[in-house]
Amino acid sequence: MYLPAVFAGKAIVSAIAVKSLYKIFGSRPAEAVRRLKGGAPRAEALAGLPATTAAVIDASLEVRPGEIFVVMGLSGSGKSTLIRMLNGLLRPTSGSVEVDGVDLGTLKPAALRRLRREKISMVFQHFALLPHRTVLENAGYALEIAGLPRAERRERAMEAIRMVGLDGWEDKLPQDLSGGMRQRVGLARALAAGTDILLMDEAFSALDPLIRREIQDQLLELQAELGKTIVFITHDLNEAMRLGDRIAVMRDGRIVQIGTAEEILTDPANDYVERFVADVDRTRILTASSVMEKPHSVVDVNAGPRVAARALRETQTSVVYVTGGQQRFLGTVTEDEVSRALRAGRQSLDGHVRTDHVRTVRHDTAVADLFGECAESVHPVAVLDDRDRLAGVIPRITLLSALGSLTGETDRPDDDAPPSLVDEAGPDLPAAPSAMDLGVAGAPMADLARVTTEVRGEPVAPTREKEETA
Amino acid sequence: MSTTAAPLDGVLPRLPLGEWTERAVEWATSTLGPAFDGIATVVDTLVEPLNNLLTGAPAVVVVLVFAALGLWLRGWKFALGAAVGLGLVAGMPYWAETMSTLAQVLVASALSLLLAVPLGVFVAENRRASQLARPVLDLMQTLPAFVYLIPAIFFFGIGTVPGVLATVVFSMPPGVRLTELGLRQVDRELVQAGEAFGASPWKILLRTKLPLALPTIMTGVNQVIMLALSMVVIAGMVGAGGLGDVIMFALAQVEVGSGFEGGIAVVVLAVVLDRLTDSIGGRFPAARAQRAMQQQS
Ligand SMILES: Nc1ncnc2c1ncn2[C@@H]1O[C@H](COP(=O)(O)OP(=O)(O)OP(=O)(O)O)[C@@H](O)[C@H]1O
Ligand SMILES: [Mg+2]
């Protein structure tokens, strides 16, 4: 969910901007950076430098305000090192980190501490709660550091505790809480701080799967409500796919790919990412828009039965999808209805459109949730965008063959149209769904862009007989 | 040194180490004299009133105070044991000496901790200092106890003051060590949490590290007190008075009876002080919370 954020009157494109960041542990960091910048692979570049670790190499990324940005990678790939440079807990060996347009490298220690109090808070893998302090005191920790008076501290900490659903527990000690509840205290502490940005380093990794699921949902809800910018670290692919608006995959200190879950699944940057994502449950990640097809016959409701009849004849199908004002999807008409309308001499399909023959789904419905809809729909399921316009259809057979290729290895049927086609579509069809509109909902941009291009081709744009006859 | 020729005589030049030490001490006494006088006054003004208070108070009152402390910190069984043990000592002829030993132990331990804990904090926060301090502390702990008495006598003459000061120095190492250990053991994530929320190093020390390190620091306090007790007895050699005096005299005169009585008094003091300070550490909220957490995992 990318909200265009405006701070202090000027629009800020990214909440965090990282440029060519390096972090080297060891005795001769500058030399190591020089060699790595030459482009040599890590092992080769560090060959002559004993006890030197390149934890982060040439990392560049931008985190947009209001998104959940996930950094994923195996143990030792440099995730924690990277996230600790975002709030200055670690100083980069080279490169820059900007938070809200402020370069952390230029800040003195006191200014850096103020930035952490005001802009960035953090949630830790093992919760990092003070064991001798109550839930309330822990939740208010950041405010205590900031020097707020007790009453205000209490009020804001209580509010955060309520947000994470722990009211009634505020006077307990961490030892009285389960792991999931402890992490919710950790979350409350970060929320109470009132910063726009949250850093979460493997925040849910220490929890059992069921509790983890629950707290993930809670995080998504809170984020939808509060619009925080979240950088979330995980080594769990499914967690990354579930939470991330965008995901950066790290390997051996380098970022090998940044993209949406769908982009990474359908278009892995290299073999490594491909193997990494090999066993993810794609049907939970991929959405209706990535398996849908362009509908063959779409007519405007005012175009009349003659146009509908021709569409049926030309496309050799038995059903026409009907759209109304602002291209909103209305329903379908079958051959029977068309001929009845023709016989009655109607000028419009009004009154003949049926809504019970076709199920509709949103473009961002997970593939796993499409099966029931497809089974119950007489004709191919209609996929609607955020403005209820017809984005595509999913015939049962398409879903089945998509399922085959999703669970299969590398066979990706829908991998032909490059996303750059968006630009070529031109602005002359203002009513057609644009990639930007769809992107607003966090939908996978590339896939939708492709679909959009197809939608703009003649079959989907409803035929307007009126214009032809006039 | 020795008069027999060592095998390496003539091969290695003989270092006049003893001579140098003597000169250094002479120089120190002459130039630092006023400072030493100041220190002596401070120690005296601390030990004297406490000594007077403890020896002046009726033995019953002292025994009851310790029993009450025992009851509060450990429970009635220990309170009873402490009362019986101290009662026994009160029934023997060396109660006054026992109390003056106690006064010296308390003052020496307090001074020792006053130096050791901040030093431990400094050393925990500063790797270079830690590396420097380690061999020094090792040396301090391996030197025989009475070695500390020699410079003390040089600087302060004979009496309570050199005894207490030698004790302060002798008992410091575990205070420094365990403070450092306790601070270093604090969970890294907890310290990082402080940093991540913008706390200054000072606030992190006061609000996170010290409370969590307290149980370990209290173990250090306990060890400091135990070492102080053993040293104060040895300080009887330089005329510091108290039980050390009794035992030295008994040794010199081969008086088994009074030596045994003095020995018993030391043992009773040791047990009572050890158990009491041992249980103070466990009463801090951080200690209790940490124990509860450990039991869970
Ligand atoms: N303080 C340090 N000193 C030396 N090397 C370090 C330090 N911190 C991290 N490293 C090294 O840098 C590399 C990256 O570590 P990092 O902790 O960032 O990985 P990670 O992706 O977070 O792994 P994990 O999933 O295990 O937490 C590792 O090889 C690690 O050993
Ligand atoms: Mg990590």
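All figures in this text were calculated on a predicted structure; none of them were measured in a lab. All chains are named by letter (A, B, ...) in the order of the sequence lines, taking the proteins before the strands, and each is independently numbered beginning at 1.
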TODO: Go through the atoms of A/Leu112 and report whether side chain, backbone, both or neither lie under 4.5 Å from a heavy atom of chain B.
DONE: neither
Task: Residue A/Leu130 versus chain B: region with a heavy atom under 4.5 Å - done: both
Open item on the list: Around atom NZ of B/Lys203, are there more than 12 heavy atoms from other residues, nucleotides or ligands closer than 6.0 Å?
Closed with: yes
Task: Distance-minimising heavy-atom pair for A/Arg113 and B/Ala199 - done: CD-O, 3.3 Å
- [ ] Take atom CZ of A/Arg154 as the centre, draw a 6.0 Å sphere, and report whether it contains more than 12 heavy atoms from other residues, nucleotides or ligands.
- [x] no
TODO: Heavy-atom distances under 4.5 Å only: say whether A/Arg189 touches chain B with side chain, backbone, both or neither.
DONE: both
Open item on the list: On a heavy-atom basis, which atom in A/Ser121 and which in B/Phe197 lie closest, and how many Å separate them?
Closed with: CB-CE2, 3.4 Å
- [ ] Determine the option with the most heavy-atom pairs under 4.5 angstrom with chain B, choosing from A/Val123, A/Ile145, A/Leu173.
- [x] A/Ile145
Open item on the list: Need one label for A/Leu199: side chain, backbone, both or neither, based on atoms under 4.5 Å from any heavy atom in chain B.
Closed with: neither
Open item on the list: Under a 4.5 Å cutoff for heavy-atom pairs, which residue among A/Thr195, A/Asp201, A/Leu129 has the most contacts with chain B?
Closed with: A/Leu129
Open item on the list: Which atoms of B/Arg207 are under 4.5 Å from chain A, going by heavy atoms: the side chain, the backbone, both sets, or neither?
Closed with: both
Task: Least distance between heavy atoms, B/Leu190 atom then A/Ala128 atom - done: CD2-O, 3.3 Å
TODO: Against chain B, label A/Glu118 side chain, backbone, both or neither, depending on which of its atoms sit under 4.5 Å from a heavy atom there.
DONE: neither
Open item on the list: Looking at A/Phe124, is its backbone amide N or carbonyl O close enough to the side chain of B/Glu189 to form a donor-acceptor pair, meaning the two atoms are under 3.5 Å apart?
Closed with: no
Task: Portion of A/Phe127 that has a non-hydrogen atom of chain B nearer than 4.5 angstrom - done: backbone
Task: Heavy-atom side-chain proximity of A/Arg116 to B/Glu195 below 4.5 angstrom - done: yes
Task: Approximate separation, where rounding is to 0.5 Å, of B/Gln192 CD and A/Met122 CE - done: 6.5 Å
TODO: Kindly give the heavy-atom pair with the smallest separation between A/Asn87 and B/Ala196, and that separation in Å.
DONE: ND2-CB, 3.9 Å
TODO: Heavy atoms only: give me the nearest A/Tyr141-B/Ala193 pair and the separation to one decimal.
DONE: CE2-O, 4.3 Å
- [ ] Sort out for me which of B/Ile204, B/Thr208, B/Val191, B/Asp187 touches chain A most, counting heavy-atom pairs under 4.5 Å.
- [x] B/Thr208
